[in-house]
Trainee: 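I'd like to ask some things about the structure below.
Because the structure is predicted, anything quoted here is derived from the model rather than measured. Chain letters run A, B, ... following the sequence lines, proteins first, then strands; residues in each count from 1.
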Amino acid sequence: MTKDIYVYIEHLRGRVADISYVTLAAARAITMKSGGSVVAVLLGDHVQTLANDLSANRVLYFDHPALAEYSPKASQDAMVDLIHDNMPRLVLFGDTSIGSDLAGTLSGRLSLPLVSNCRSFEVQGNILKFTSQICGGKIMVEGLIPEPSALVTMIPGSYKSEIGKSSKPPVVVWEKLIPWEDKSIQFRGFIEPDPCDVDIAKENVLIAVGRGIQTQDSIQLAQELANTINGVVTSSRPIVNLGWLPSTRLVGRSGKRVKPRLYMACGISGAPEHVEAMVESDVIIAINTDPEAPIYSLAKYGATIDLFDLLPALTENIRISKTANNIQGNG
Amino acid sequence: MNIIVPIKIVPDLVEELKIDAQASGFDQDLLRFNLNEFDDHALEQAILLKERGGGSVTVIAIDGKGVEDILINASARGADRVIKLTTDSANDTSGFVNNHALAYMLVPLTQELEPDLILTGVYANNDLDGPLGPLLAERLGYPYLGYVVGVAVSNRSALIRKEFSGGLLAEMEVRLPAVLGIQAAEQPPRYVAFNKKRQAIKTTVIEERAEQDFLHITGPVIDRLYPPEKTRKAEMISGNVDVVAARLVGIFTELGVI
């Protein structure tokens, strides 16, 4: 049984996704204990330069015009044969729009076990264990990864992406792909986010609302606070899914990643898909009535106070403070 | 347009989730279930497509706590048929579902119904072996796309919008029949008025069908469950609203945002 770990390198529009470096870092950590090689699998059309900073023992590169744009069917074809022929101990993917689709499809087609939402691994002799985070980050599950081969989708949190990068270009092996002429899924084009709205990734102050805001009307309370401090209102996934804010305001795995000076999370519990996109904010303030909310493990300040009392009071206090400062300044 | 929506119940995250004494599952006394929120969106998208282009919507659920009420609700929202699958393990209240086994279980009925489109939630909060959608698609030999936020159907294909990181969308064309993992319907799931629900309670016929279990399908083996380590880092600001507001004004001033 091979101990090699294959890592699917996700990229879009000329950039390797950060999660792919995280998965490479995880593969390195495992192989350091268990032996075996880290094999990165890169698919695309004239994107071989993306291999340059991958920290892997070797990169298997599939170059084909059919892989030029997001092309799930051609990617599946390449990966099915590769996994079937080599049966690596693990094949790692990011738990993302691309990785989750691909891993799920491959698991079904190859009848290989799949572990999702994996955060970390532990090697105990010949046993390989996973830890996944489920139920919105409220539950950790530890278990065994079935042998001989399994697919895993990973979420960030335990491995640093820098470890998955290398300044020394790896060995690149060119692989042949003969995609089956399958036209069942065809890429038509990208649709850019609404250019009329603000780019929340460039904002300094974000007031984020989650399920705890309860009604669409209540978002106005956050908006009024944001207005007083030149901030922008953003949200977690449920608010966008309810249609209360446009998707341009979504902070999360499929939304924007943000690093503002101040991120104030109002009524947000801290599900992993939200956290991974805002954890690099300079200062996080969390307001949530649940003292056990996972958001408190990364916030710098927190308060379990009722949002509907706090937001108007805070807005009013800021107005008073600004007026006082103006008077002082003018005096 | 014949649309199937397989739905799942999942642990209600609003309620407290307690782990049992053996650390092998959830504490059953406290565990409450509700409809997977992404399945809710899948159902809404199916009803929107039916309203737009005609056809029928069939909702399929594995039997379990509260499933009948969810199926009646689906009927009140516009589902034409609601079917409950019963199996030996259907009333498993462990809080986990083996999606690989579920995909096998759904195949016979789905094939009989000859759908044009199967809409599932893109994932569920308790998924441990990947989402259901791609697994079911592979069992049926249908194409799959997940993270879908818009669907338009014409002839034998669907033009869909798939979401990527950074708010980027792609337009893709998928040949039907296909399975789509819905991230968000084009509009929020509709509210069911009380009188409509009352009517549905009287008129809905929940069809039942027994299916074979496929629990021998290998998946991750669970050793133990535990709550995330409490590494609370936040300095908690206590006091009444005025005290908290004043402290936050101080913090904002220090940060230079006021």
Side-chain angles (χ1 to χ4, degrees), chain A residues 12 70 96-97 100-101 103-105 107-109 113-116 132 134-136 138-144 146 184-191 193 205 229 241-243 247-248 250 254-256 261-262 283 286 294 296-303 305 309-310 313-314 317-318 321-322, chain B residues 11 13 17 41 125-131 133-135 137-139 143-147 161-175 184 187-188 218-228 231-237 241-242 244-246 248-249 251-252 255 257-258:
Chain A
L12 208 55
Y70 175 64
T96 62
S97 176
S100 173
D101 277 17
T105 308
S107 173
R109 196 173 306 176
L114 170 60
V115 178
S116 52
S132 288
I134 59 164
C135 293
K138 291 182 171 180
I139 299 288
M140 309 298 284
V141 183
E142 198 177 272
L144 301 176
S184 60
I185 299 178
Q186 293 188 67
F187 177 82
R188 290 281 177 240
F190 285 115
I191 303 163
V205 177
I229 49 176
N241 275 8
L242 286 164
S247 58
T248 46
L250 175 64
S254 54
K256 285 269 167 99
R261 178 96 181 99
L262 168 65
V283 172
Y296 289 125
S297 65
L298 59 138
K300 183 162 185 195
Y301 303 100
I305 201 156
D309 294 333
L310 179 69
L314 181 55
N317 275 21
I318 292 169
S321 167
K322 282 170 109 173
Chain B
L13 301 187
L17 294 177
H41 278 266
N125 70 36
N126 59 348
D127 282 343
L128 247 195
D129 65 335
L135 301 169
E138 280 303 317
R139 295 273 75 81
Y144 173 79
L145 278 174
Y147 291 81
R161 287 183 168 201
K162 177 176 170 67
E163 200 171 62
F164 297 98
S165 322
L168 182 69
L169 297 172
E171 199 164 58
M172 317 275 296
E173 192 174 340
V174 189
R175 197 169 58 209
Q187 69 177 43
T218 318
V221 182
I222 298 172
D223 267 356
R224 70 176 182 122
L225 270 61
Y226 60 96
T231 50
R232 179 186 283 176
K233 164 178 145 186
E235 174 194 325
M236 299 306 281
I237 307 165
V241 67
D242 294 325
V244 176
L248 290 178
V249 169
I251 294 166
F252 287 6
L255 290 172
V257 300
I258 295 185

Trainee: Rounded to the nearest 0.5 Å, how far apart are CD1 of A:Ile134 and CG of B:Leu225?
Mentor: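 One gets 6.0 Å once the value is rounded to the nearest 0.5 Å.
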Trainee: Which atoms of A:Val283 come close to chain B, meaning under 4.5 Å heavy atom to heavy atom: side chain ones, backbone ones, both, or neither?
Mentor: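 Just its side chain gets close to chain B.
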Trainee: Tell me, side chain or backbone of A:Ser132 under 4.5 Å from chain B's heavy atoms, or both, or neither?
Mentor: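 For A:Ser132, side-chain heavy atoms alone lie under 4.5 Å from chain B.
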Trainee: About how many Å separate CD1 of A:Ile229 and CZ of B:Phe252, when rounded to the nearest 0.5 Å?
Mentor: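 If I round to the nearest 0.5 Å, the distance is 4.5 Å.
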Trainee: Measuring heavy-atom distances to chain B, does A:Leu144 have an atom under 4.5 Å in its side chain, in its backbone, in both, or in neither?
Mentor: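 Contact with chain B involves both backbone and side-chain atoms of A:Leu144.
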Trainee: Quick check for you: to the nearest 0.5 Å, what is the distance between A:Asn317 atom CG and B:Asp242 atom CG?
Mentor: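 Reported to 0.5 Å precision, the distance equals 6.5 Å.
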Trainee: Please round to the nearest 0.5 Å and tell me the distance separating atom CZ of A:Phe190 and atom CZ of B:Arg161.
Mentor: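 Going from the CZ atom of A:Phe190 to the CZ atom of B:Arg161 covers 13.5 Å.
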Trainee: As an exercise, state the distance from CZ of A:Arg109 to CG of B:Leu135, rounded to the nearest 0.5 Å.
Mentor: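 Rounded to the nearest 0.5 Å, the CZ-CG separation comes to 12.5 Å.
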Trainee: Please flag which part of A:Ser321 lies under 4.5 Å from any non-hydrogen atom of chain B: side chain, backbone, both or neither.
Mentor: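 Looking at A:Ser321, just its side chain touches chain B.
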Trainee: Please look at A:Ala313 and chain B and tell me whether the side chain, the backbone, both or neither of the residue comes under 4.5 angstrom of a heavy atom of that chain.
Mentor: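 For A:Ala313, heavy atoms of backbone and side chain both lie under 4.5 Å from chain B.
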Trainee: By a 4.5 Å heavy-atom criterion (distance strictly below it), what part of A:Val205 contacts chain B: side chain, backbone, both, or neither?
Mentor: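 Looking at A:Val205, just its side chain touches chain B.
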Trainee: Compare every heavy atom of B:Leu13 with every heavy atom of A:Lys138, then report the nearest pair and how far apart it is.
Mentor: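 Closest approach of A:Lys138 to B:Leu13, heavy atoms only: NZ-O, 2.6 Å.
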Trainee: Less than 4.5 Å to any heavy atom of chain B: does that hold for the side chain of A:Lys256, its backbone, both, or neither?
Mentor: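 Answer is both: backbone and side chain atoms of A:Lys256 are under 4.5 Å from chain B.
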Trainee: Heavy-atom pairs under 4.5 Å with chain B: which of A:Gly108, A:Ser184, A:Ala303, A:Ala103 has the most?
Mentor: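 Sorted descending by pairs with chain B, the first entry is A:Ser184.
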Trainee: Out of curiosity, A:Ile185 CD1 to B:Met172 CE, how far, rounded to the nearest 0.5 Å?
Mentor: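 Spacing of CD1 (A:Ile185) from CE (B:Met172) equals 6.0 Å.
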